[in-house]
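A, B, ... follow the sequence lines: proteins, then strands. Residue 1 opens every chain. This is a predicted model, so every value here is computed, not measured. Note that these values count all heavy atoms, side chains included, but never hydrogens, waters or copies made by symmetry.
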Number of protein chains: 2
Amino acid sequence: MPSTRPAERAAPAREEPAPLHSGVHAELSRRFITGQVTPGSSLSTRGLAEEMGVSQTPVREALSRLAAEGAVQIRSKRKIIVPTMTPERFRELLRCRELLEPEAAMRALPYIDAARLRRLKRVDDSIGSAIANGDLQGYMQGNFDFHFLIYDALPRGILNRLIEILWLQFGPYMRVVYGRVGTANLVDQHEVAINAIGAGDADALGRAILADIRDGMDLIGKSALCMLA
Amino acid sequence: MPSTRPAERAAPAREEPAPLHSGVHAELSRRFITGQVTPGSSLSTRGLAEEMGVSQTPVREALSRLAAEGAVQIRSKRKIIVPTMTPERFRELLRCRELLEPEAAMRALPYIDAARLRRLKRVDDSIGSAIANGDLQGYMQGNFDFHFLIYDALPRGILNRLIEILWLQFGPYMRVVYGRVGTANLVDQHEVAINAIGAGDADALGRAILADIRDGMDLIGKSALCMLA
DNA sequence: GTCAAGAATCTGTGATGGCAGATGCCGGAG
DNA sequence: CTCCGGCATCTGCCATCACAGATTCTTGAC
């Protein structure tokens, strides 16, 4: 099972029950990263509470965290909404990714061992089959797992946390873009990255990650034609 | 009857009371950024609630946000603490700042008008007098104001939000470092930055911000001698 | 039919109370 | 003196209720 838990890497060995708000936040994060929420839609504390079988209190706490992470905006008009998608915001998101992710990958490279590299290849395969099956959600989950399998080789990083925040905001947008232009024309930069890792070539790895992000940048250009709201 | 407009709320704009948790978060953020909390210390929801005259609920919500921002760690052992200071963490914080802040400054440069430049000079003066008076808290507040007066010229940025998160984690550490090595040997890169802004020289501005951060890096090196925990 | 007033509902927000685990203090046994 | 058992206290956590603004639906007037 791929790690779907973004932040909270707790609950290691002890049989200590994880706080409910932590579970709610993990579930919501998964939905955001896999694009199961659409920009502009609204969430409600009561609705989510009932859906997840908990009270409002842990849901509110989780939503507070998501608000701090920029995944949701809390309007004073008694509305909690997913930020609407604008080309400017999308572009800035990608530029921040360009700034952080190649650096994170290059730094993490020395810590990627053979086992992790095998897992990377396995995840990349699952991404391929997800694309073949038109499984958008599976593709996005795999894409997330792939990138963070690299970055998290260097553990406990502040840098990785920042990148995670970007992905939380990024997921809902990507969903929309993929829904418009499809995933067919995806060039697989992941294979290039895997080869760079195998060769221990940090610069090549950084370039591959950068190219992967730039591909997303191109997608928005292509989808900008039909994008108006 | 010429249907009276249901509301002519154009002019006065009825003031909407800000949520309590928002105020609590703002106050706590200020304390973190100005170094009024010490690494390793613990906070309690009830204590802060009583101190600020509110219930636990808004305090918990504010602390959730601060946890998402990395300013506090929420231990499952019924403790919520300010992260302890380690040289590695301090170094990574500074490296993330190096990555983001020069870029943010260079991007914001075209949006800095004369009025903002004047405010920058005024803040820089206040920093000088704070140093002269040994007012550490005033110095840190001024330093924060100075940097974000630059970055926020380009409004509503995701990048700025990431930088703010870094500063929230940075404040408690800086307090400790300054307390150890003092603020006497601070070279004022701010003046260099102001001149670069006046000249419209983006590269020079980026270099000045970078040098300002590197100075902090040097400080930790100097204080590493007496740093053990 | 149109449209506005009002009621029912839904929203985030905040306070309260209580649960269970962790901490600390204090006194008694050795 | 040391040690340790138990109780008082403090902790985060969560459910519940109440409140006020916003939204939606209904209803009644014209």
Of the listed nucleotides ([options]), which one gets closest to any side-chain atom of [X]?
X: A/Pro19; options: C/dT13, D/dC13, D/dA15; answer: D/dC13
X: A/His21; options: D/dC13, C/dT11, C/dA15; answer: D/dC13
X: A/Lys77; options: D/dT23, D/dA15, D/dC17; answer: D/dT23
X: A/Arg46; options: D/dC17, C/dT23, C/dT11; answer: C/dT11
X: B/Ser44; options: C/dG17, D/dA15, D/dT11; answer: D/dT11
X: A/Ile74; options: C/dT13, D/dT11, C/dG17; answer: C/dT13

Please report the distance, rounded to the nearest Å, between [atom1] in [X] and [atom2] in [N].
X: A/Glu61; N: C/dG14; atom1: CD; atom2: P; value: 14 Å
X: B/Ile81; N: C/dT23; atom1: CD1; atom2: C1'; value: 16 Å
X: A/Glu50; N: D/dT16; atom1: CD; atom2: P; value: 12 Å
X: A/Ile80; N: D/dA22; atom1: CD1; atom2: P; value: 16 Å
X: A/Gln56; N: C/dG14; atom1: CD; atom2: P; value: 13 Å
X: A/Arg78; N: D/dA22; atom1: CZ; atom2: P; value: 6 Å
X: B/Leu20; N: D/dC19; atom1: CG; atom2: P; value: 17 Å
X: B/Arg75; N: C/dT23; atom1: CZ; atom2: P; value: 12 Å

Would you please confirm or rule out a distance under 4.0 Å between OP1 or OP2 of [N] and any side-chain N or O of [X]?
X: B/Thr45; N: D/dG12; result: yes
X: B/Lys79; N: D/dC10; result: no
X: B/Ser55; N: C/dA15; result: yes

Item to complete: For B/Leu43 and for A/Thr57, locate the closest nucleotide of DNA chain D by heavy-atom distance; then report the residue assigned to the nucleotide nearer the 5' terminus.
Response: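 Per heavy-atom nearest nucleotide, the more 5' residue is B/Leu43.
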
Worksheet item: What pair of heavy atoms forms the shortest contact from A/Asn160 to A/Phe148, and how long is it?
Response: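 Minimum heavy-atom contact is O-CE2, 3.9 Å.
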
Item to complete: Please evaluate the base of C/dG14 for a donor-acceptor partner in the side chain of A/Arg60 within a cut-off of under 3.5 Å?
Response: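 Answer yes: a donor N or O sits under 3.5 Å from an acceptor.
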
Worksheet entry | Carboxylate-amine/guanidinium proximity below 4.0 Å for B/Glu27 and B/Arg30 |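 Yes, B/Glu27 and B/Arg30 are salt-bridged.
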
Practice prompt. Could you check whether the rings of A/Trp167 and A/Phe144 sit parallel, tilted or perpendicular, using 30° and 60° as the cut-offs?
Written response: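 Perpendicular.
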
Fill in: Over 12 non-hydrogen atoms of neighbours within 6.0 angstrom of CZ in B/Arg116
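Enclosed.
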
